[in-house]
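The structure appears right after this line, and notes come after that.
Indexing begins at 1, ligand by ligand and atom by atom, following the structure's order. We use all heavy atoms of the structure for the numbers below, so side chains are in, but hydrogens, waters and symmetry mates are not.
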Amino acid sequence: MPDSKTHWEQVYSSRKPHEVGWYQAYPEIPLHLIASTGANKTAAIIDVGGGASNLVDALLENGYCDVTVLDLSAAALKATQARLGEASNQVKWLVADITSFTPPRQYDVWHDRAVFHFLTEAADRQRYVEAARAALPPGGHLIMATFALDGPPQCSGLDVVRYSPESLRQAVGEGFALAESFGGLHITPSQGKQSYTFCRFIRN
Ligand SMILES: C[S@@+](CC[C@H](N)C(=O)[O-])C[C@H]1O[C@@H](n2cnc3c(N)ncnc32)[C@H](O)[C@@H]1O
């Protein structure tokens, strides 16, 4: 079994962004959740484990001007940068493991779609939550999308932890209040259905 970094580098080196199961042509729910924060266009937004997602493209198109994309995989970020072309210069890029990440600054919005659920070890979840606590000031928003309790037990060949809004609230623990949650279906490029839990928390 390759380590996590090797796994994700292989995924993004061997598949085009639209060929992966988590591909979304347009990130409608992430944009809705980010708009729900009330953050203005100069708000600092970090997409944690953003991979080759189109979210950064949509954020720039919507006028957000302080966007950071972090991912374990340099290949994923390279694909996104190539797609964005010139516009990639407006974005801050971080190749980092979120479980050993020391935020260099604070953010108003932390967005994670389908990343936290790969953390099957309690110690890794703890380090993730500590990074989010350090990164978000009081009033900052933590947006998370994970597979739901009736979602698949694996993604990209890796085991995941599935969450309800309540178990995700417990996983993020003290320091965050649940502001909004709902379920939703993601349709994969091969027409599979994946049930997700979406939560938005506010930093106390
Ligand atoms: C299922 S993909 C989701 C990508 C993106 N959020 C989206 O919605 O399209 C999971 C992403 O998390 C990244 N990832 C996995 N473990 C990570 C870690 N420990 N630190 C940072 N990124 C990680 C992977 O490289 C991959 O891009």
Side-chain angles (χ1 to χ4, degrees), residues 1-34 45-59 67-81 83-84 91-104 107 109-132 135 142-148 151-163 184-190 192 194-199:
M1 191 74 184
D3 66 22
S4 188
K5 164 107 177 145
T6 307
H7 172 84
W8 290 108
E9 292 293 13
Q10 276 170 1
V11 166
Y12 287 108
S13 304
S14 59
R15 294 163 80 184
K16 301 227 161 54
H18 64 274
E19 293 171 346
V20 296
W22 51 94
Y23 173 73
Q24 281 190 302
Y26 190 71
E28 194 173 336
I29 295 177
L31 285 175
H32 157 77
L33 284 162
I34 291 168
I45 301 175
I46 182 165
D47 190 17
V48 169
S53 154
N54 291 330
L55 179 60
V56 59
D57 314 42
L59 289 171
V67 182
T68 300
V69 183
L70 175 150
D71 204 277
L72 196 50
S73 164
L77 298 188
K78 238 173 124 178
T80 315
Q81 288 162 352
R83 186 179 68 235
L84 284 171
V91 178
K92 296 155 198 81
W93 304 96
L94 294 172
V95 177
D97 182 337
I98 199 59
T99 64
S100 56
F101 177 59
T102 304
Y107 301 91
V109 180
W110 172 297
H111 173 269
D112 162 346
R113 174 175 177 268
V115 185
F116 184 74
H117 67 194
F118 287 107
L119 304 181
T120 54
E121 301 290 330
D124 285 340
R125 291 194 290 274
Q126 184 62 31
R127 285 191 280 266
Y128 176 111
V129 170
E130 277 164 17
L142 170 62
I143 294 170
M144 296 171 85
T146 67
F147 280 171
Q154 286 198 325
C155 178
S156 189
L158 303 175
D159 289 343
V160 303
V161 181
R162 295 172 287 181
Y163 293 93
L185 269 190
H186 167 63
I187 309 296
T188 69
S190 58
Q194 296 178 333
S195 183
Y196 271 75
T197 291
F198 297 91
C199 288

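- The shortest N or O to N or O distance between Ser73 and ligand 1 is not under 3.5 Å.
- In this structure, the side chains of Val11 and Ser73 stay at 4.5 Å or more apart for every pair of heavy atoms.
- Ligand-side atoms of ligand 1 in range of Gly51: 27 (O), range being under 4.0 angstrom from any heavy atom.
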### Message
Please determine whether side chain to side chain contact (heavy atoms under 4.5 Å, CB included) holds for the pair Lys92 and Val67, giving the CA-CA distance in whole Å, both sets of side-chain angles, and the decisive distance to 0.1 Å.
### Response
CA-CA 6 Å; Lys92 296 155 198 81; Val67 182; over 6 Å; no
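- When hydrogens are left out, the protein atom nearest atom 7 (C) of ligand 1 is Arg113 NH1, 3.4 Å; that is the closest non-hydrogen contact.
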### Task
May I have the step-by-step check of ring pair (Phe, Tyr, Trp, His ring centres under 6.0 Å) for Phe118 and Trp8, ending in yes or no?
CA-CA 12 Å; Phe118 287 107; Trp8 290 108; 5.1 Å; yes
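- The protein heavy atom nearest to atom 13 (C) of ligand 1 is Asp71 OD2, 3.4 Å.
- Distances between N or O atoms of Thr99 and those of ligand 1 include no value under 3.5 Å.
- Looking from atom 15 (C) of ligand 1 to the surrounding protein, the closest heavy atom is Trp8 NE1, 3.4 Å.
- Counting heavy-atom neighbours within 6.0 Å of Glu19 CD, excluding the residue itself, gives a total above 12.
- Listed by atom number, the atoms of ligand 1 under 4.0 Å from Phe118 heavy atoms are 1 (C), 10 (C).
- Ligand 1 has no nitrogen or oxygen under 3.5 angstrom from a nitrogen or oxygen of Ala76.
- Residue-level proximity to ligand 1 for Phe101 is absent, since no heavy atom of it falls below 4.0 angstrom.
- Counted by atom type alone, Tyr128 and Asp112 present one or more donor-acceptor pairs between their side chains at under 3.5 Å.
- Rounded to the nearest 0.5 angstrom, Leu33 CG and His111 NE2 are separated by 7.0 Å.
- Of all protein heavy atoms, the one lying nearest to atom 4 (C) of ligand 1 is Gly49 O, 3.3 Å.
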### Task
Begin from the C-alpha positions of Leu142 and Met144 and carry the test side chain to side chain contact (heavy atoms under 4.5 Å, CB included) through to its verdict.
CA-CA 6 Å; Leu142 170 62; Met144 296 171 85; 3.9 Å; yes
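- What sits closest to atom 12 (O) of ligand 1 on the protein, heavy atoms only, is Val115 CG2, 3.6 Å.
- For the residues Pro30, Ala114, Ala74, Ala145, the heavy atom positioned nearest atom 10 (C) of ligand 1 is part of Ala114.
- Nearest protein heavy-atom neighbour of atom 19 (N) of ligand 1: Asp97 OD1, 2.8 Å.
- Inclusion of Leu72 in the set of residues having an N or O under 3.5 Å from an N or O of ligand 1 is warranted.
- Residue contacts with ligand 1, taken as heavy atom pairs separated by less than 4.0 Å, involve Tyr12 solely via side-chain atoms from C-beta onward.
- Among all non-hydrogen protein atoms, the one lying nearest atom 9 (O) of ligand 1 is Trp22 CD1, 3.2 Å.
- Ion pair Lys5/Asp97 not flagged as a salt bridge, since none of the NZ, NE, NH1 or NH2 atoms sits closer than 4.0 Å to an Asp/Glu carboxylate oxygen.
- Counting heavy atoms closer than 4.0 Å to ligand 1, residue Ala96 contributes backbone atoms (N, CA, C, O) but none from C-beta onward.
- Ring planes of Tyr196 and Phe147: perpendicular class, angle over 60° (limits at 30 and 60°).
- Residue Ile98 holds the heavy atom nearest to atom 20 (N) of ligand 1 of all those in Ile98, Val95, Leu119, Val48.
- Each of Val69, Val48, Thr68, Leu77 was evaluated against Leu94; a single residue qualifies, Thr68, per the side-chain contact (heavy atoms from CB on, under 4.5 Å) test.
- Residues Gln81 and Val91 have side chains not in contact (no heavy-atom distance under 4.5 Å, counting atoms from C-beta outward).
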